[in-house]
Participant: 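Sharing a structure here in structure tokens format.
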Amino acid sequence: MKRALVLGLGLLVLGYGVGCGGSEPADTAQPADATQPADTAQATGPVLELGASSIAGSITFDGVAPNLPALSMDAEPECADKHTGPVPAEMLVLGDGNTMANIIVWVSGGLPEGANWAVPTTPVVLDQTGCVYVPHAMGIMVGQAYNILNSDGMLHNIHTLPEVNAPFNRAMPATLTEVNTTFDMPEAVFQVKCDVHPWMSAYIGVFSHPFFSTTGADGTFTIAGLEPGTYEISAWHERLGTQTASITVGDSEAAGQDFTFAVPAA
Ligand SMILES: [Cu+2]
């Protein structure tokens with residue numbers, strides 16, 4: 001069981017990285033241990049039913065939150081005009097009590113080899129609104145529809161930066177309000193960026209199973225539908241790395257697993 005905090009990034013990284021988060025190379029935005037897919041086995045078996053067990057928890061930031069500068073949209077007044085004030089930095093979004101948003105949590109070990117689960121018929125939606133990606137972090141299943149919206153009515157260029165899947169790179173002029181794609185392979189979290197607006201950045205993880213969740217500002221996640229068993233679960237943050245924990249879940253049990261992320265002292 002590995003619970004060690006990821007200590008490779010300091011306050012300076014968080015602070016200075018904010019202005020160029022959208023243009024950071026993918027390999028510096030993702031720690032090495034996050035580049036491994038959660039489950040690289042190709043699904044070959046029958047489609048399994050969902051179980052009645054679950055894992056839920058809360059993600060908390062430990063320490064004094066750095067005062068990150070707002071996104072700079074000065075280069076594109078049309079974007080800035082869509083907001084009534086500064087747009088807060090997205091790389092560290094905290095709720096009351098320092099709960100953490102935009103943490104992707106998934107089952108990274110312990111699932112049956114080669115197993116297969118039904119792909120949700122509902123798409124995962126990424127909107128471009130106010131020259132910001134909403135949501136900022138998300139998970140999707142292999143083969144699940146990914147609907148990319150352009151609510152802004154202006155030019156964006158959506159560009160995914162995977163290492164395993166084929167990149168998706170598409171200009172979306174004002175008149176193009178939606179494009180759709182899918183991902184063919186499981187792949188740990190990678191960046192989505194806009195080639196027109198360098199501050200625009202989102203992250204997506206592609207999973208061969210439905211056992212993943214992304215936190216909102218309340219920091220909570222729930223991964224439902226599991227069978228009883230012992231699992232490794234991983235929690236990812238775009239700058240503070242990936243943590244893992246081992247947890248045993250009983251029959252129809254709602255097990256708890258919290259994570260805490262911290263920035264080492266400068
Ligand atoms: Cu854009």
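Counting starts at 1 for both ligands and their atoms, in listed order.
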Participant: To the nearest 0.5 Å, tell me how far I55 CD1 sits from F211 CZ.
Facilitator: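 Rounded to the nearest 0.5 Å, the CD1-CZ separation comes out at 9.5 Å.
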
Participant: Is a donor from one side chain sitting under 3.5 angstrom from an acceptor on the other, for T230 and T248?
Facilitator: yes

Participant: Among V125, L126, T182, which one satisfies side chain to side chain contact (heavy atoms under 4.5 Å, CB included) with Y146?
Facilitator: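 Option passing the side chain to side chain contact (heavy atoms under 4.5 Å, CB included) with Y146: L126.
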
Participant: To the nearest 0.5 Å, what is the distance between CD on E78 and CE on M154?
Facilitator: 4.0 Å

Participant: Return yes if a side-chain donor-acceptor contact under 3.5 Å exists between N98 and D62, otherwise no.
Facilitator: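 Distance-only check fails for N98 and D62.
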
Participant: Under the salt bridge (Lys or Arg N to Asp or Glu O under 4.0 Å) test, which residues partner D218, sequence neighbours left out?
Facilitator: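 Partners of D218 by the salt bridge (Lys or Arg N to Asp or Glu O under 4.0 Å) criterion come out as none, since no residue qualifies.
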
Participant: Give me the number of protein N, O or S atoms whose distance to the Cu ion (ligand 1) is under 2.8 Å.
Facilitator: 4

